[in-house]
Number of protein chains: 2
Amino acid sequence: MSPAPSKPVDLKQACIDEAFAIIQSKGLEKLSLRDVARRLGVSHQAPYKHFASRDHILAAVVARCYAEFALYMEANVPETDSFESLHAMGLAYLNYAREHPLEYRLMFGSVLPDPELHEEMMQQAQYAFSLLHNKLEKLPLKHAADMATDLEKHDAIFVWSTLHGLATLLQSGVTDTLTLSQAEKAVAIERAMSRISLALDPETRGAP
Amino acid sequence: MSPAPSKPVDLKQACIDEAFAIIQSKGLEKLSLRDVARRLGVSHQAPYKHFASRDHILAAVVARCYAEFALYMEANVPETDSFESLHAMGLAYLNYAREHPLEYRLMFGSVLPDPELHEEMMQQAQYAFSLLHNKLEKLPLKHAADMATDLEKHDAIFVWSTLHGLATLLQSGVTDTLTLSQAEKAVAIERAMSRISLALDPETRGAP
DNA sequence: CCTCGCTGGTTGACAGTGTCTACTATCTAT
DNA sequence: ATAGATAGTAGACACTGTCAACCAGCGAGG
């Protein structure tokens with residue numbers, strides 16, 4: 001007979017896995033709950049016992065992305081609060097985005113209509129963000145004269161913005177416009193990290 | 001009788017307008033060609049005479065966003081190649097993103113499955129990007145000792161990354177995580193602009 | 001003047017989707 | 001042993017994108 005998929009014991013987890021696989025192979029907009037069910041060899045209504053709607057299964061996929069992203073950052077960023085640590089974090093962040101473009105897009109591509117409706121996912125997102133945020137707030141920053149309020153928060157946002165923007169630009173079609181080779185992308189990354197260091201601590205003159 | 005919508009002379013343009021209105025009021029994923037047709041008082045197949053598929057109408061909407069974005073930037077960025085001009089461009093960029101969150105998301109939220117398939121849209125995008133790119137490449141930059149290749153391109157990417165990342169972060173749910181008020185967002189923007197100046201020209205000490 | 005083909009419109013059909021409701025089997029706690 | 005929850009099935013409905021076939025006007029060429 002045809003290779004009827006075996007019904008997994010944990011259907012909920014299996015749905016998330018399968019949904020991700022479908023997005024990966026056919027694209028986000030082709031994801032359908034019925035397809036998930038079919039591939040898992042269950043009825044088209046079975047997934048509804050675990051997810052209230054298509055958006056909810058998508059939210060679960062995104063939540064898993066945040067969780068894995070957090071694990072990656074925890075594993076690849078040292079504990080110290082120095083600029084070496086900042087450099088490492090930046091590279092880790094950009095590496096993750098480069099190695100997991102789909103996951104990155106799911107997390108930051110605003111793919112869900114109403115993110116705030118999905119509690120679990122929001123928590124995973126906030127935890128991942130808190131990793132970045134905490135690390136950035138501990139940096140020994142230099143402030144220029146005109147910076148009235150010296151809230152570290154705003155500098156954290158500056159660093160994060162640069163990392164996030166660079167990650168997005170490098171994996172969007174923009175790189176075609178700029179005709180950036182793979183090697184040049186690496187240079188752009190190093191350059192950005194240098195400029196960040198220079199921005200936060202002018203004496204370093206951009207050295208990592 | 002019920003307010004039957006009058007059939008517009010230029011159906012193609014009307015479709016684009018109506019599609020954008022639908023996205024604005026009901027969300028991107030609720031956009032349907034049949035709904036567009038219904039609102040315009042034409043048959044459900046009429047739009048297909050002007051757009052090959054749902055994606056193609058979406059691409060037309062996005063193309064229009066790029067065109068308007070380009071107009072905005074051209075109108076709000078001075079011609080000079082100084083750092084004042086950089087500051088103005090940054091603010092214009094971030095203002096546009098703040099005032100037109102939907103358009104910004106349509107342009108940068110990777111909302112189309114295969115952007116490269118839509119010629120017209122790609123051209124609009126490239127023109128808009130070239131405005132940023134040209135402006136950034138003309139800046140008088142200072143290079144630190146360790147920056148081997150002094151291609152302006154990479155610094156342009158750094159600046160653009162920060163602007164783009166900040167625009168994205170400020171309008172994503174992340175700001176809730178960071179509990180940023182509207183006033184603090186403005187501070188974050190000014191801070192980021194200062195840090196950019198500092199990064200590119202350490203002597204300025206971040207003053208605009 | 002007739003006819004051809006093109007452009008832009010119509011209706012109808014089909015497969016596929018999300019989701020509602022109703023039914024069933026199976027385990028579990030009392 | 002039985003009642004209830006849990007996790008699955010089957011069917012129906014409204015809606016979608018898209019294909020095919022058909023039709024009105026209209027300008028060009030004979």
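A:His56 is linked by a ring pair (Phe, Tyr, Trp, His ring centres under 6.0 Å) to A:His118, counting only residues two or more places apart in sequence or in another chain. A:Tyr66 is linked by a ring pair (Phe, Tyr, Trp, His ring centres under 6.0 Å) to A:Phe129, counting only residues two or more places apart in sequence or in another chain.
Residue A:Lys49 contributes atom NZ, which lies 9 Å from atom P of D:dG8 at whole-angstrom precision. Atom C1' of nucleotide C:dT19 and atom CZ of A:Phe51 are separated by 16 Å, given to the nearest angstrom. Note: CD1 (A:Ile57) to C1' (C:dT17) measures 14 Å, nearest angstrom. Here the P atom of nucleotide C:dT17 and the CG atom of A:Asp55 are 16 Å apart, to the nearest Å. Nucleotide D:dT6 holds its P atom 13 Å from the NZ atom of A:Lys12, rounded to whole Å.
Pairs of residues two or more places apart, or lying in two chains, that qualify as salt bridge (charged side-chain N to carboxylate O under 4.0 Å, His left out) and include a residue from residues 51-69 of chain B are B:Asp17-B:Arg64, B:Arg64-B:Glu68. Applying the salt bridge (charged side-chain N to carboxylate O under 4.0 Å, His left out) rule to pairs touching residues 27-36 of chain B yields B:Lys26-B:Asp35, B:Asp35-B:Arg38, B:Asp35-B:Arg39, sequence neighbours excluded. Listed by first and then second residue, the side chain to side chain donor-acceptor pair (under 3.5 Å) pairs that reach into residues 104-117 of chain B are A:Arg105-B:Ser110, A:Ser110-B:Arg105, B:Tyr93-B:Tyr104, B:Tyr104-B:His164, sequence neighbours excluded.
Looking at A:His44, its side chain has no donor and acceptor atom pair within 3.5 Å of the base of C:dG16.
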Please tabulate, one pair per line, each protein N/O and nucleotide N/O from nucleotides 14-16 of chain D that are separated by under 3.5 Å, including the distance.
residue: D:dT16; atom: OP1; partner: B:Ser32; partner atom: OG; Å: 3.3
residue: D:dT16; atom: OP1; partner: B:Arg38; partner atom: NH2; Å: 3.4
residue: D:dT16; atom: OP2; partner: B:Arg38; partner atom: NH1; Å: 3.4
residue: D:dT16; atom: OP2; partner: B:Arg38; partner atom: NH2; Å: 3.2

